[in-house]
There are 2 protein chains.
Amino acid sequence: IVRTKGLIKEYTMGDQTVRALNGVDLDIYEGEYISIMGPSGSGKSTLFNAIGGLDRPTSGSVFINDVDMAQLDAQELAYLRCHTIGYIFQTFNLIPVMTALENVTLPTVFAGMPTDDGIERGIELLNIVGLGERLHHKPSELSGGQQQRVAIARSLANNPSIILADEPTGNLDLKTGTEIIELLKRLNKEQGVTIISATHDLKMLDVSDRIVYIRDGKIAKIDERKDL
Amino acid sequence: IVRTKGLIKEYTMGDQTVRALNGVDLDIYEGEYISIMGPSGSGKSTLFNAIGGLDRPTSGSVFINDVDMAQLDAQELAYLRCHTIGYIFQTFNLIPVMTALENVTLPTVFAGMPTDDGIERGIELLNIVGLGERLHHKPSELSGGQQQRVAIARSLANNPSIILADEPTGNLDLKTGTEIIELLKRLNKEQGVTIISATHDLKMLDVSDRIVYIRDGKIAKIDERKDL
Ligand SMILES: Nc1ncnc2c1ncn2[C@@H]1O[C@H](COP(=O)(O)OP(=O)(O)OP(=O)(O)O)[C@@H](O)[C@H]1O
Ligand SMILES: Nc1ncnc2c1ncn2[C@@H]1O[C@H](COP(=O)(O)OP(=O)(O)OP(=O)(O)O)[C@@H](O)[C@H]1O
Ligand SMILES: [Mg+2]
Ligand SMILES: [Mg+2]
């Protein structure tokens with residue numbers, strides 16, 4: 001469902017170049033739960049930005065359902081980001097002036113969902129992540145882990161078939177983090193959602209079909225769960 | 001070195017009140033390494049804001065070295081925050097338009113350190129957290145874990161005697177997270193720095209003298225390391 005070929009991403013700063021991705025070839029199958037692990041700075045978020053269509057690679061290609069992302073026009077890309085891919089950002093990227101409910105409901109507005117249905121969906125999702133009593137809090141009125149859970153709820157708003165989860169449990173205690181991993185696992189097993197998760201959390205290993213180890217912008221190795 | 005008595009913090013939102021801290025009495029000894037653990041939303045960051053003098057409690061008191069924080073004038077509070085307490089924020093709070101080096105060096109400017117000495121200190125600290133090759137990157141040009149490490153380095157700039165570390169390893173892989181915990185442990189053991197860390201990271205348990213469990217804004221129990 002997701003394929004990268006020869007993915008390279010370079011950042012140029014003055015006369016210096018940082019190569020964040022140095023040739024990544026990765027095939028992710030539909031309905032798979034794949035975890036990407038690697039040291040801080042190894043390229044996980046950069047890879048996600050390329051897959052999610054948020055950033056153009058320096059060279060190489062990304063295919064979603066065999067469609068080359070670079071060939072899509074603005075409208076097709078917007079559709080993909082709205083309906084197909086749900087993105088949980090490492091730094092949450094919530095809108096500060098909007099409440100938790102407004103933040104979670106926003107993707108449904110872009111999808112053209114009727115307002116009442118959108119609000120109902122938002123309330124349902126916030127309850128699922130344990131924030132039913134924080135609907136009208138703005139991000140600054142929420143704890144770090146609560147903000148992270150709003151970002152998680154928001155990514156599910158339009159029922160995406162692919163979820164890009166960039167370190168979804170980094171700010172969560174053991175119990176809440178386990179609940180979130182259980183939620184992702186349920187979506188994967190019961191609804192066939194493809195989960196691509198960048199994580200440092202070893203609790204994620206048990207639910208992953210494969211684990212991709214990335215280092216210095218390249219894939220170092222891939223483990224299958226049955227081998228673990 | 002730090003004492004809270006009857007600490008209560010309430011947030012009022014319209015006709016609703018959220019009680020983030022519901023009566024916290026805590027004595028922290030000089031040179032101690034104390035970890036505060038608890039569910040997402042239980043009050044850890046709110047407690048840190050009160051101890052760090054960033055937020056006034058609704059009622060109750062905070063004493064730093066037996067001095068009541070509420071009795072300090074603006075200048076005395078500024079001195080405390082500049083020289084005595086180093087704060088690692090859960091959401092980093094780096095200045096977006098400044099580079100990593102400028103962010104880390106900023107506290108030395110407030111402390112009146114000569115510019116060259118400040119820069120030397122900044123470079124040293126960034127090297128210690130493994131970012132010697134990222135000195136001139138702005139926060140948006142750094143990975144999540146790299147931003148977290150800049151926040152950690154910045155907290156050490158003026159050699160504080162108390163470090164408030166709010167989830168310092170949330171965005172770090174196992175190896176880098178362990179290095180940061182080792183760094184905090186060294187500061188504690190070799191320089192007698194008091195470390196107060198809010199964390200969900202179980203790696204923190206081994207190095208802590210005591211572990212405070214907080215739930216719904218109250219202390220549930222305190223464990224001594226020798227009992228674990
Ligand atoms: N805009 C940019 N300009 C220059 N370098 C950048 C930029 N963005 C990222 N980098 C660098 O690219 C590398 C990869 O960053 P990336 O965010 O993908 O890492 P990561 O694996 O997600 O790390 P973490 O686990 O800390 O989140 C890092 O070394 C980072 O410093
Ligand atoms: N400005 C605010 N207005 C209203 N409620 C707030 C505000 N700030 C925090 N809260 C609430 O206070 C409670 C405690 O928040 P706090 O940030 O201290 O939690 P925490 O223990 O640090 O959680 P986490 O582990 O998720 O970081 C939360 O339930 C939060 O929703
Ligand atoms: Mg990242
Ligand atoms: Mg917190």
Side-chain angles (χ1 to χ4, degrees), chain A residues 11-14 16 18 20 37-49 89-92 94 99 129-131 133-149 166-167 169-180 198-203 213-215 217, chain B residues 11-14 16 18 20 37-49 89-92 94 99 129-131 133-149 166-167 169-180 198-203 213-215 217:
Chain A
Y11 295 104
T12 311
M13 305 173 61
Q16 269 202 324
V18 175
M37 295 195 145
S40 172
S42 53
K44 304 179 292 297
S45 299
T46 307
L47 176 60
F48 273 32
N49 287 343
F89 293 93
Q90 184 169 7
T91 50
F92 319 150
L94 301 177
T99 65
V129 299
L131 294 177
E133 300 190 358
R134 293 285 182 270
L135 300 178
H136 309 297
H137 285 234
K138 301 206 196 73
S140 62
E141 296 164 338
L142 293 170
S143 78
Q146 290 168 343
Q147 292 176 40
Q148 187 155 40
R149 285 182 273 160
D166 199 349
E167 309 216 21
T169 59
N171 282 278
L172 302 176
D173 54 282
L174 194 62
K175 176 163 177 289
T176 315
T178 305
E179 285 167 16
I180 290 303
T199 186
H200 298 305
D201 191 345
L202 301 176
K203 300 198 289 298
Y213 294 91
I214 187 169
R215 172 178 290 280
Chain B
Y11 295 104
T12 311
M13 304 172 63
Q16 269 202 329
V18 175
M37 295 196 144
S40 172
S42 54
K44 303 179 291 299
S45 299
T46 307
L47 176 60
F48 273 33
N49 287 344
F89 293 93
Q90 184 169 8
T91 50
F92 319 150
L94 301 178
T99 65
V129 298
L131 295 177
E133 301 191 356
R134 293 285 183 271
L135 301 179
H136 309 298
H137 285 232
K138 299 205 197 73
S140 62
E141 298 166 336
L142 292 170
S143 79
Q146 290 168 343
Q147 292 176 39
Q148 187 156 39
R149 284 182 274 160
D166 199 350
E167 309 217 21
T169 59
N171 280 278
L172 302 176
D173 55 282
L174 194 62
K175 176 162 177 290
T176 314
T178 306
E179 285 166 16
I180 291 302
T199 187
H200 297 306
D201 191 344
L202 301 176
K203 299 196 291 298
Y213 294 91
I214 188 169
R215 172 178 289 280

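Within every chain, numbering begins at 1; the chains are lettered A, B, ... in the order of the sequence lines, protein sequences first and strands thereafter.
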Query - Other residues, nucleotides, ligands: >12 heavy atoms within 6.0 Å of A/K203 NZ - result: yes
**Report entry** Under 4.5 Å from a heavy atom of chain A, the part of B/E141 involved
**Finding:** side chain
**Report entry** chain B contact via A/H137 - side chain, backbone, both or neither, heavy atoms under 4.5 Å
**Finding:** both
Query raised in the report: So what's closer than 4.5 Å to chain B heavy atoms on A/E133: side chain, backbone, both or neither?
Result: neither
Report task. Return yes if some donor-acceptor pair links the side-chain N/O of B/Q90 with the main-chain N/O of B/D166 below 3.5 Å, else return no. Result -> no
Report task. Using side-chain contact (heavy atoms from CB on, under 4.5 Å) as the criterion, list what pairs up with A/T46, not counting sequence neighbours. Result -> A/K9, A/Y11, A/A20, A/L21
Query - For B/S40, side-chain contact (heavy atoms from CB on, under 4.5 Å) partners two or more places apart - result: A/S143, A/Q146, A/R149, A/L172, A/D173, A/T176
